[in-house]
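Convention: sequence-line order gives letters A, B, ...; per-chain numbering from 1.
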There are 4 protein chains.
Amino acid sequence: MKQQVKAAEGKLGILTPGLGAVATTMIAGVTAIKKGLSKPIGSLTQMGTIRLGKRTENKQPKIKDFVPLANLEDIVFGGWDVYEDNVYEAALNARVLDANLLRDVREELQAIKPMRAAFDRNYVKNLDGKFVKDIDNRYELALAVMDDIKNFKAENNCDRIVLVWCGSTEVYFEPSEVHQSLAAFEQGLRDNDSRIAPSMIYAYAALKLGIPFANGAPNLTVDIPALIELAKETDTPIAGKDFKTGQTLMKTILAPGLAARSLGVNGWFSTNILGNRDGLVLDDPDNFKTKEVSKLGVLEDIFKPEVNPDLYGDMYHKIRINYYPPHGDNKESWDNIDIFGWLGYKMQIKINFLCRDSILAAPIVLDLALFIDLAKRANLSGIQEWLSFYLKSPQTIPGVPAENDIFKQLMKLQNTLRYIMGEELITHLGQDYEEELIETV
Amino acid sequence: MKQQVKAAEGKLGILTPGLGAVATTMIAGVTAIKKGLSKPIGSLTQMGTIRLGKRTENKQPKIKDFVPLANLEDIVFGGWDVYEDNVYEAALNARVLDANLLRDVREELQAIKPMRAAFDRNYVKNLDGKFVKDIDNRYELALAVMDDIKNFKAENNCDRIVLVWCGSTEVYFEPSEVHQSLAAFEQGLRDNDSRIAPSMIYAYAALKLGIPFANGAPNLTVDIPALIELAKETDTPIAGKDFKTGQTLMKTILAPGLAARSLGVNGWFSTNILGNRDGLVLDDPDNFKTKEVSKLGVLEDIFKPEVNPDLYGDMYHKIRINYYPPHGDNKESWDNIDIFGWLGYKMQIKINFLCRDSILAAPIVLDLALFIDLAKRANLSGIQEWLSFYLKSPQTIPGVPAENDIFKQLMKLQNTLRYIMGEELITHLGQDYEEELIETV
Amino acid sequence: MKQQVKAAEGKLGILTPGLGAVATTMIAGVTAIKKGLSKPIGSLTQMGTIRLGKRTENKQPKIKDFVPLANLEDIVFGGWDVYEDNVYEAALNARVLDANLLRDVREELQAIKPMRAAFDRNYVKNLDGKFVKDIDNRYELALAVMDDIKNFKAENNCDRIVLVWCGSTEVYFEPSEVHQSLAAFEQGLRDNDSRIAPSMIYAYAALKLGIPFANGAPNLTVDIPALIELAKETDTPIAGKDFKTGQTLMKTILAPGLAARSLGVNGWFSTNILGNRDGLVLDDPDNFKTKEVSKLGVLEDIFKPEVNPDLYGDMYHKIRINYYPPHGDNKESWDNIDIFGWLGYKMQIKINFLCRDSILAAPIVLDLALFIDLAKRANLSGIQEWLSFYLKSPQTIPGVPAENDIFKQLMKLQNTLRYIMGEELITHLGQDYEEELIETV
Amino acid sequence: MKQQVKAAEGKLGILTPGLGAVATTMIAGVTAIKKGLSKPIGSLTQMGTIRLGKRTENKQPKIKDFVPLANLEDIVFGGWDVYEDNVYEAALNARVLDANLLRDVREELQAIKPMRAAFDRNYVKNLDGKFVKDIDNRYELALAVMDDIKNFKAENNCDRIVLVWCGSTEVYFEPSEVHQSLAAFEQGLRDNDSRIAPSMIYAYAALKLGIPFANGAPNLTVDIPALIELAKETDTPIAGKDFKTGQTLMKTILAPGLAARSLGVNGWFSTNILGNRDGLVLDDPDNFKTKEVSKLGVLEDIFKPEVNPDLYGDMYHKIRINYYPPHGDNKESWDNIDIFGWLGYKMQIKINFLCRDSILAAPIVLDLALFIDLAKRANLSGIQEWLSFYLKSPQTIPGVPAENDIFKQLMKLQNTLRYIMGEELITHLGQDYEEELIETV
Ligand SMILES: NC(=O)c1ccc[n+]([C@@H]2O[C@H](COP(=O)([O-])OP(=O)(O)OC[C@H]3O[C@@H](n4cnc5c(N)ncnc54)[C@H](O)[C@@H]3O)[C@@H](O)[C@H]2O)c1
Ligand SMILES: NC(=O)c1ccc[n+]([C@@H]2O[C@H](COP(=O)([O-])OP(=O)(O)OC[C@H]3O[C@@H](n4cnc5c(N)ncnc54)[C@H](O)[C@@H]3O)[C@@H](O)[C@H]2O)c1
Ligand SMILES: NC(=O)c1ccc[n+]([C@@H]2O[C@H](COP(=O)([O-])OP(=O)(O)OC[C@H]3O[C@@H](n4cnc5c(N)ncnc54)[C@H](O)[C@@H]3O)[C@@H](O)[C@H]2O)c1
Ligand SMILES: NC(=O)c1ccc[n+]([C@@H]2O[C@H](COP(=O)([O-])OP(=O)(O)OC[C@H]3O[C@@H](n4cnc5c(N)ncnc54)[C@H](O)[C@@H]3O)[C@@H](O)[C@H]2O)c1
Ligand code: NA
Ligand code: NA
């Protein structure tokens, strides 16, 4: 496949609808890294390595030296928000990064000013920002967003653009007819159908222009037939949804380990305390319901109780999110896991994760942006399941069950990179070492 | 390959040198399971499933329905010990299983009486058992063990035999010349060379008879050139060493997850409290040194600090084992893990595992026995690296670096089963779903 | 005072309205203890000691050897419930104690059969028991309860009786006029006023007969002016309310320690998981509200934020109770406490308490019964604040602020015992050692 | 007693032998507090209140408004060290306080320069400081220290001086004849007897001048008959030893709570991880032995297993201290406590304390200094047991058993303050509320 991958020449513009805690932490970080002030810890594209060939060959290049990714030097940032704060001000307000650190990149961040948002308050009740486009019709809004993108590209002399949704979580709703086909969706835009969420307008604008789009929130956004159709039509890669961080990350690491050993689970209690804006919203039982549904699914998928009823058929899974201001953005989780082993004997695992939510999410934004840009250049289009490694509710090709086990997701990601570069896939079978040995002897 | 696998016909004898906590918990358990009193939780061979073909095919048979393993009904148990207690008495003394449960399998367990041990107290100082073979010369001892095996096989009408070392951990020593070739080793046996440990005598006897041997303790045993040579010569599969349970199991689950995300680690503190005989021994700084070396290696191997110096180059790893009688066999661990993410921001993970050591180890004995018997019938011989999934210090073909990541180990195990059965290996690439979709459209 | 205390001669009948988890655990326990099968761990009256005189005198008798308490041998048990199960059956259903242990006291427990309850389902919605008195009028009910008590006393040849409420928590309500005076209350009984809760009927019956009454639930019950008046009128001691166990016990131990050192607290997050009937009820946000109010008060009272605004003025206190069936009666709590010290530097304390609710509550029932019987014989009447040591929401003499610090409560309890017995009170001043020393020199 | 307390007029000089982490954190803090930059959190003398009279009187003055303590405004700091760094430099090196905070008090701290130390490297092997007095004879050294004190007093225009030992922990040794009487000790000084530790020289110098001395390390220092004798002779108050912080603080809070309820304990496992200089030293098994002995005693004293054999007779208590550089001065502890209740049922408590050692110790230095100065003015001399509230191994009048329960210690401290000021002692009996009520009615 290698011949087909276009080189990462020229500048890449990363645009985020939403310039809040996560997006500004990512932008401030990349800026500090470019200045040599820090390292891109937590970013697989920048720090990660990949094994090629046999273990005995000892070939483990950095991923960024193996696949042709955009250089950090060649990245330009932009975005939209409903508040007019520049990225420096927004980052200060988010209180994720140290004020001292932000001071060192102040000038660069102050220069990044949001574009006016495509917004509808019915989708995020607790936001009162006024920096929104003064356009009522959804189709007109989409055209305006396309203009924003084109202008940004021209002004910043970009070769390529990608979008990563970093906006607030929109209210929960089920897809309806207007989302079922591209035709219906475009008609809905023109009719200003209120079932089309703002995030979908950004996604439509991007895909129409052939620009990759990844979604970091649990909203539907690109996870509807209409936009999947558009993505295929314009040969554009898409990925979603919901950045995988914190407790869910931990679950998709631990649960596969328990399942690997056929250890039973009869209870998993997860509680979270966090004091940022996200926590306040999720403290409300109604808002939480949406998040809960998606979060609960992760364990079901990994344990497959229908296939393993004796081990996981009676598992009681409960997740609580508690607003707790003393901890700010430091989202802490405590899990109690009741497992059972040989002859049903009970054991317990307790995990206390003192984590920082936006610190875990920021490198994911960067990786998704760089990889989805690679996908575009490698002519991969539509749903990029290999990016599910980064996502809490991975979008899959319709009919294909999702894979939440982070190790299978990593395998998929790495083998996709090998596949793109024409390298042999790795199966970990390893019978060849034995065969080699025999030949040698 | 499928045609080559012989069917699992007739009886399989599982013999364990050592009938202590682990072995008796395994035997009592299998007996209870056969009587329908319990389920073989924690055993991959009995409870585990394996995916075949594409996710959309939804084929997930039980492993025992996919590969031809010996049935539990067809297993007979035996073993050696330096104490004369039958399995019922030994299980009671071990205090792992409930006396009520043991009462239900009393008769069967009482019928299993140890054979006299091949023993040398210099290798396990704190044992004073007298139920040992009254033979001085190591070669004579090996012949006596072979006789034991043959007699057991005949008396119990077995078709096949496997050995799994469940004896005490022998003292630490480095391999020397006598261990370097089969010739030197056999000479050493005849010369009664004191550098040949008792466990090696059992292993020699088994391999000489073409009987598979797996090692559950951290002793060298089959991990020496002489016995690897013998294994190849007699076409016998071997595997070792040290059952992977408890804290190390947890580490080889969690560490790959952190590494997957390129999260840095600057400290990992592990403490254990346990009150069984094993704990008493390991409370001694000298004895612990051996165990520590092997335990420390696990993280090194997974994190590869030489390849990822920015992430793991400064990791401080400390392991403490504390004898604490109030907990008996309930080995509890507490880990504090200091990680860092984006821009070096620090986070912490604390894990408290209230585990039961022998409960985790027992199904491993069973699985190793059944799988190594399968390997024999599938004509796989020498080191079975695919069984490293169960082992703390996996033996690999000389020159091949060990793989401690439990998920790669699982992949290796599953792809080996698919390979044995002539099924397609799984790479998790998944580009075929996309291609299928295109064809459909 | 000593001369006034009557001896504990003859039998003491302990009657509990409610023969559920707590009451049956207490009764089964005392029965096993009498048979020499166990020890009364957790009971201050049975196991506790008290220091008398100076430290140098080394006088530390057992409390039961110091004050004249009823002997366990002289206790008889009885009670009321809305279910007809005898105490053996009820204890089995409660699943607190091991079936093996219960078998050893089966006969004794089967002999204890409940009396028909005075019940009104409006006060405990989720109970459908039918073993209730077929009497509609509250005054008639009270008379029937008095008859029950008198009959029990006569049949069991008791010298004295005490009542301890171990019934379900009744719904929350505020006291109104009918509770404000004895006259209004008695009129209300006759008018069958629905604001008089069943627990108040038992309390009225007891107090009218001069029988001490303690309340283990958070219901008002004796915490109303009418019944306080009656208690004084009939010279009867009363105490309430809500047994202090689990997380609250831990809080009233730890919080005084932090306050002692002037360490600030800006957050205290408490979560509980429990799977018994109580947990199911409290999982409902409405039912929990009542419990929460009382639980939250404990820290306020100990930290006194109005007196110490710099230390505790901004404390965020949150309590969650989660129904989690896998744990049954094993109520587990996890607390995260955010404290700050010198110059505002932050520290954290995490407490994970794997507790057993009824095991902690059972000895409290016994102690309250024995001490309130002592109070009666020592001519102490009305509210016995010295028993607040056992209670989550201690009743105090009107106008006197409650004391929740368990160490001040213990001091009060011990000095009350010294006072009753005419011993010198202890102030821990200790200047006398110095003075002695001087005299000696 | 009130009439006897002299007012706190003029300046108080606080001198610390040892200007390391604890002393500089204290000095920097008081300086910041004086400048209004921070609050004296954790200091009972500054933040604490004391109840006077009955609860209903609601009199809770601040301690500093109740007893005549030196004002922070009137304090001057000084000290000795074997390194020449001024307090600013030493505080930076200690890495306890934020560099930003230290910058705000830089000038004041730079002005405080150590005096040359009285030092003997045999007592602290791992220190190589050269800023020591060039005097060999111990008696001469004592005279030189006296001169230092007098000069400091004069130069700083102080009214009164106190010394608090904040130097390194000296090696363990048992007292011998030279420590048994003042005469022997003074002879030893003159003979330059090597059994007299440097800390004793400072203590001797101070006491000889009638200057109060408190000891924050586990060294003997003033805890020898010779210096107790001197203290009485010169009417000087003394207190020791070992600041009570961290895990031991937590233990003396929690253990009294368990004992109060007669809950049994069969195991208490305590592990600590810390990465400062103290941790490095204590990682060595030999050095740790000393600390361990004193730490172990705390629980014995509180639980009194000889008085309560059924509850605490079989308690297994184990303490481990682990050097773990990633945590620096953030000493973290994890405790597992195995308790048992009613009928022997087992429960567990796990405590994870993320603490900061010097932050907890600093306000103790201040409080000890202010209170021991008060003692002097109140004519209290010799061992001040009421200060045991702050100390891990409280010194008591010979023959009087120590009291480690922090709540009894607090009671003792508060009643001593009431006693000094002629206020009524508090017994928490509270029968007076009842009597009042009766009188009212
Ligand atoms: N670990 C994590 O932080 C994490 C993990 C998973 C998912 N997420 C999701 O990522 C998203 C961003 O998280 P955050 O912490 O940065 O939140 P945030 O509230 O700090 O930032 C969101 C920003 O989006 C803006 N916004 C909302 N609607 C918009 C619109 N229509 N157009 C333009 N801007 C809009 C808001 O004004 C706000 O500034 C959220 O949806 C969150 O649920 C975050
Ligand atoms: N989770 C686990 O329990 C676990 C994990 C990893 C490794 N292991 C290893 O498994 C082995 C067994 O563990 P266990 O808990 O059952 O120990 P155990 O002490 O209960 O049993 C070991 C038995 O081996 C016997 N023995 C010793 N030397 C012998 C010899 N030469 N021949 C015959 N018998 C001999 C002893 O008498 C004893 O009965 C140990 O080496 C242990 O380190 C256990
Ligand atoms: N640690 C603890 O267990 C704990 C702590 C504090 C308070 N409490 C309180 O103690 C009480 C008893 O707890 P439990 O765990 O035994 O509950 P439970 O539900 O097991 O038992 C309560 C019993 O009371 C009976 N009952 C209800 N109303 C009655 C009435 N009017 N007359 C007679 N019987 C009646 C019920 O039928 C039931 O059998 C509850 O109110 C609980 O909130 C318990
Ligand atoms: N929470 C706590 O920090 C805590 C708790 C209990 C006890 N302590 C004790 O307090 C003492 C101080 O602790 P730290 O953390 O500040 O230690 P540190 O090592 O930072 O400081 C001790 C200082 O004493 C100096 N010193 C040693 N011998 C001396 C001498 N003879 N004369 C003058 N100076 C001398 C050293 O040079 C060093 O600067 C230690 O003994 C420690 O064990 C501390
Ligand atoms: Na919760
Ligand atoms: Na430890």
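Looking at A/L97, both its backbone and its side chain come within 4.5 Å of chain B, counting heavy atoms on both sides. Proximity to chain A is limited to the side chain of B/I406, based on heavy atoms less than 4.5 angstrom apart. Looking at A/L249, only its side chain comes within 4.5 Å of chain B, counting heavy atoms on both sides. Both the backbone and the side chain of A/D98 come within less than 4.5 Å of a heavy atom of chain B. At a 4.5 Å heavy-atom cutoff, A/L413 makes no contact with chain B through either its backbone or its side chain. Heavy-atom distances place both the backbone and the side chain of B/I349 under 4.5 Å from chain A. Proximity to chain B is limited to the side chain of A/S38, based on heavy atoms less than 4.5 angstrom apart. A/L343 touches chain B through backbone and side chain together, each having a heavy atom under 4.5 Å away. Within the 4.5 angstrom heavy-atom criterion, only backbone atoms of B/A402 (N, CA, C, O) approach chain A. Contact annotation for B/I33: only side-chain heavy atoms (C-beta onward) come within less than 4.5 Å of a heavy atom of chain A.
Of the listed residues (B/G264, B/S358, B/A260), the one with the most heavy-atom contacts under 4.5 Å to chain A is B/A260. Interface check for chain A: of the options B/D335, B/T252, B/L425, B/D310, the most heavy-atom pairs under 4.5 Å are formed by B/D310. Heavy-atom pairs under 4.5 Å with chain A peak, among B/I351, B/T49, B/I359, at B/I359. Heavy-atom pairs under 4.5 Å with chain B were tallied for A/S43, A/A28, A/G399; the largest tally goes to A/S43. Of the listed residues (A/G48, A/A362, A/P401), the greatest number of heavy-atom pairs within a distance under 4.5 Å of chain B belongs to A/P401. Of the listed residues (B/G344, B/G257, B/A259), the greatest number of heavy-atom pairs within a distance under 4.5 Å of chain A belongs to B/G257. Heavy-atom pairs under 4.5 Å with chain A were tallied for B/M411, B/R261, B/Q348, B/M347; the largest tally goes to B/R261. For the set A/K62, A/M26, A/E332, the count of heavy-atom pairs under 4.5 angstrom toward chain B peaks at A/M26. Your options are B/T396, B/L410, B/L37, B/V307, and the one with the most heavy-atom pairs under 4.5 Å with chain A is B/V307.
Interatomic distance, CD1 of A/I426 versus CG of B/N415, reported as 12.0 Å (0.5 Å rounding). Atoms CG and OH, on A/L360 and B/Y345 in that order, are 13.5 Å from each other to the nearest 0.5 Å. Of the inter-residue distances, the one linking B/T427 atom OG1 with A/H428 atom NE2 reads 11.0 Å to the nearest 0.5 angstrom. A distance of 10.0 Å separates CG of B/L263 from SG of A/C355, quoted to the nearest 0.5 Å. From A/N308, atom CG reaches atom CE of B/M47 across 7.5 Å, with rounding to the nearest 0.5 Å. A distance of 9.0 Å separates CZ of A/R51 from NZ of B/K304, quoted to the nearest 0.5 Å.
Contacts classified as side chain to side chain donor-acceptor pair (under 3.5 Å) and involving residues 398-410 of chain A (residues at least two apart or in different chains) are given here: A/K244-A/Q409, A/D301-A/N404.
In this structure, A/W342 contributes its side chain and B/T25 its backbone to a donor-acceptor pair below 3.5 Å.
Considering only heavy atoms from C-beta on, A/K350 stays 4.5 Å or farther from B/F353 through its side chain. Within the 4.5 Å cutoff, side-chain heavy atoms of A/L311 are placed close to those of B/I41. Side-chain contact between A/K346 and B/L354: absent, with no pair of heavy atoms (C-beta onward) separated by less than 4.5 Å.
Remark: B/R356 is not positioned above the aromatic ring of A/F340, lacking an NZ or CZ atom under 6.0 angstrom from the ring centre and at most 45 degrees off the axis.
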